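Notes follow the structure.
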Amino acid sequence: MTEQTRIPQPASAVARAGMTLDQYQAACEQARRDPETYWRGVGERLDWIKPFTRIKDVSFDRADFRIRWFEDGVLNAAANCLDRHQAERGEQVAVIWEGDDPDQSRTLTYRELHAETCRMANALKDMGAGRGDRVTIYLPMIPEAAVAMLACARIGAIHSVVFAGFSPDSLAGRIEDCGSRFLITADEGRRGGKRIPLKANVDAALEKAPVDKVLLVRCTGADVPLAEGRDIVWNDIRERLSDDCPPEPMGAEDPLFILYTSGSTGKPKGVLHTTGGYLAWASWTHERVFDYRPGEIYWCTADVGWVTGHSYIVYGPLANGATTLMFEGVPNWPDHSRFWRVIDKHQVRIFYTAPTAIRALMREGEAPVKAASRASLRLLGTVGEPINPEAWLWYWRVVGDERCPVVDTWWQTETGGVLISPICGATPMKPGSATRPLPGVFPAIVDEAGKPKEGPAEGPLCLVDSWPGQMRTVWGDHQRFLDTYFSTFPGKYFTGDGARRDADGDYWITGRIDDVLNVSGHRLGTAEIESALVGHPAVAEAAVVGYPHDIKGQGVWCYVTLKQGETPSDELKKALVNEVRNEISPIAAPDVIQWAPGLPKTRSGKIMRRILRKIAEGEFGSLGDTSTLADPAVVDDLIRNRPG
Ligand code: 6R9
């Protein structure tokens with residue numbers, strides 16, 4: 001497999017393309033030459049209560065910083081996802097829910113989803129929530145998760161969805177950070193035949209970060225304690241609530257949601273997205289990248305707790321009148337054919353998943369895939385981490401039978417929607433490359449001084465101009481927003497990723513170049529894991545790095561220095577793994593713990609992570625410049641005692 005391996009779009013995709021290669025190039029040209037007209041078109045795809053007249057008002061300069069899109073327009077995101085479809089497709093299925101248990105599924109039409117959303121919006125109002133209030137959502141993958149998000153949007157409340165796999169501590173931190181007084185949760189979740197005690201987690205979290213009201217959705221029916229005056233059971237009040245709730249008129253720049261994500265330092269930050277630009281971008285990209293036509297059955301396997309679930313299970317698809325599938329389960333339960341059987345069962349046309357799932361299923365061979373016909377499929381997508389060409393080709397050959405284009409979509413929580421990706425039916429594909437920026441997206445690969453490099457190049461990936469889906473701030477800490485994204489290369493948005501651009505102008509994302517890990521497509525900050533480890537009484541110091549992992553993409557390698565008098569043991573290792581699972585989430589669990597009598601530091605006391613990464617990778621020959629090490633013996637010890 002060389003870089004020249006170019007795979008043309010299959011003829012069937014080209015024949016139906018809503019945007020041809022020529023049209024893509026023309027749109028790129030227009031976005032460059034006449035951005036007003038181009039972006040007006042993107043904004044006008046939404047239903048506005050009061051149309052916008054201003055389009056873009058952006059400056060990335062520190063002195064004069066602002067990001068505003070369609071600023072004087074007024075709209076409601078829920079009305080765009082629900083009300084405007086009622087006349088034309090009220091009886092069309094909006095959400096297909098496929099349970100963890102293969103015998104369970106449910107559907108909601110656009111009419112039903114509208115009614116449920118209004119009811120929950122009224123429940124939130126009765127609880128005292130309104131415009132600008134933060135509502136935390138801690139739900140499993142059930143239709144009520146989408147209903148809860150849309151209900152918040154309907155009344156102008158800002159939702160903060162917390163992935164149901166996060167621990168009580170993580171949940172408490174997120175409730176506290178945004179000052180949320182309302183929470184929507186369930187009794188329990190289900191995944192791979194197991195139960196997840198969500199209400200118990202909530203009760204533990206609320207001891208640290210209390211809220212006024214909890215709305216509890218019955219999911220498994222488990223008997224859970226209810227706090228008098230605080231907890232309200234949705235299923236008990238639902239029937240009595242009106243299914244009419246007028247959508248709150250929101251300014252385009254009013255917040256829609258906060259979503260916490262890991263950065264290279266400190267606690268996770270609350271990424272803030274606003275109403276008009278975010279929704280326009282989620283909707284536009286969903287239609288263009290997947291060449292989506294209303295009514296097609298579309299499945300994104302992400303969890304609504306991540307940005308992919310926000311933009312490509314809920315907002316993008318529903319704004320476009322899609323039938324969006326929500327899956328409660330996991331790819332390998334009850335067996336490794338689950339994904340492919342669900343595709344046959346619901347006649348899925350478009351399937352969007354993560355490289356880590358593809359790699360895990362690839363290991364099981366072709367038989368579980370071939371157990372299903374997959375005849376309904378016309379497009380495959382991936383997101384979350386770089387996809388290795390081998391996994392790409394397996395996806396293309398085995399899952400898609402070389403008939404479905406593969407779109408490798410690069411984007412981030414911060415970007416709101418896809419920025420670099422092939423366009424279905426238009427862009428020639430290359431296994432492992434996210435290919436080209438979407439029209440209106442201006443990436444740059446920069447040198448150390450922040451100057452864009454020309455032609456084929458490799459280096460830090462920046463964006464030189466804004467797009468409507470860009471995050472607007474870090475909740476409660478605008479300075480952190482500026483420092484994180486706009487200070488490394490002043491005047492440009494720095495993504496934290498490295499990339500290479502080949503001679504054809506195609507982009508290859510090489511991965512994070514900051515201290516962010518990407519484990520099975522989940523973003524984790526090394527600082528968060530280190531802080532959990534040093535929370536254990538035996539630990540003096542810890543340094544965490546990522547290393548290549550066959551399935552997860554990256555694994556978590558922890559160097560741990562114990563306090564004087566503590567002895568390393570397997571029990572202690574287990575205790576430390578548990579510490580991280582409980583403090584953050586099982587997804588952050590260390591893969592390797594290496595006892596480190598000392599950590600490599602500069603004379604000024606800075607841990608030299610570059611060296612630790614090389615040791616974890618097993619590349620002792622290329623440690624680079626070690627002349628600034630305070631104590632070189634430390635490195636020899638770590639190499640000698642490297643596990644595995
Ligand atoms: C949407 C999402 C963002 C980070 C991003 C990058 C990595 C995502 C990718 C990809 C290579 C792709 N990433 N998609 N890397 N190719 N197609 O995943 O958001 O959770 O914020 O993660 O994920 O490193 O910076 P988020």
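Computed over heavy atoms, backbone and side chain alike; hydrogens, waters and symmetry mates excluded. These numbers were taken from a predicted model, which means no experiment stands behind them. Atoms within a ligand are numbered from 1 in the order they appear, just like the ligands themselves.
- Taking every heavy atom of N518 and a limit of under 4.0 angstrom, the matching atoms of ligand 1 come to 7 (C), 23 (O).
- For the residues A354, G432, G416, G384, the heavy atom positioned nearest atom 7 (C) of ligand 1 is part of G384.
- Regarding atom 11 (C) of ligand 1, its nearest protein heavy-atom neighbour is P386 N, 3.1 Å.
- Within the listing of ligand 1, atoms 12 (C), 16 (N), 17 (N) sit less than 4.0 angstrom from a heavy atom of D408.
- Using modelled atom types, one finds a donor on one side chain and an acceptor on the other under 3.5 Å when comparing S262 with E528.
- Looking at Q412 against ligand 1, both its backbone and its side chain come within 4.0 Å, counting heavy atoms.
- Side-chain contact check for Y260 and T413: no donor-acceptor pair (N or O, by modelled atom type) lies under 3.5 Å.
- Of the protein's heavy atoms, R523 CD, 3.2 Å lies nearest to atom 22 (O) of ligand 1.
- Those atoms of ligand 1 that come under 4.0 Å of a heavy atom in V383, given as number and element, are 1 (C).
- The protein heavy-atom contact nearest to atom 16 (N) of ligand 1 is E385 O, 3.4 Å.
- Side-chain atoms of W69 and S466 form a donor-acceptor pair, as typed in the model, at a separation below 3.5 Å.
- Below 4.0 Å from some heavy atom of V307 lie the following atoms of ligand 1, by number and element: 1 (C), 19 (O).
- Contacts with ligand 1 closer than 4.0 Å are made by side-chain heavy atoms of D497 only, the backbone lying farther away.
- D177 and W475 form no side-chain donor-acceptor contact under 3.5 Å, judged by distance and modelled atom types alone.
- Counting heavy atoms under 4.0 Å from ligand 1, residue I387 does not touch it at all.
- Looking only at atom types and distance, the side chain of R45 has a donor-acceptor partner in the side chain of S283 under 3.5 Å away.
- Residue N320 is tested with E296, E287, H286 for a side-chain hydrogen bond (donor to acceptor under 3.5 Å, both in side chains); the sole match is H286.
- Under a 4.0 angstrom heavy-atom cut-off, W411 registers as being in contact with ligand 1.
- For R512, a nitrogen or oxygen atom sits less than 3.5 Å from a nitrogen or oxygen atom of ligand 1, counting backbone and side chain alike.
- Screening Y352, F351, Y312 for a ring pair (Phe, Tyr, Trp, His ring centres under 6.0 Å) involving W299 leaves a single residue, F351.
- Within the 4.0 Å heavy-atom criterion, the part of T308 lying near ligand 1 is the side chain and not the backbone.
- The ligand atoms of ligand 1 that sit less than 4.0 angstrom from a heavy atom of T409 are 9 (C), 12 (C), 14 (N), 17 (N).
- Side-chain contact of Y485 with E414: a donor-acceptor pair under 3.5 Å is present, judged by distance alone.
- Counting only heavy atoms of the protein, atom 21 (O) of ligand 1 lies nearest to T413 OG1, 2.5 Å.
- Formation of a donor-acceptor pair under 3.5 Å by the E98 side chain with backbone atoms of F327 is not found in this model.
- Of the possible donor and acceptor atoms, one in the side chain of S433 sits under 3.5 Å from a partner among the backbone N and O of Y507.
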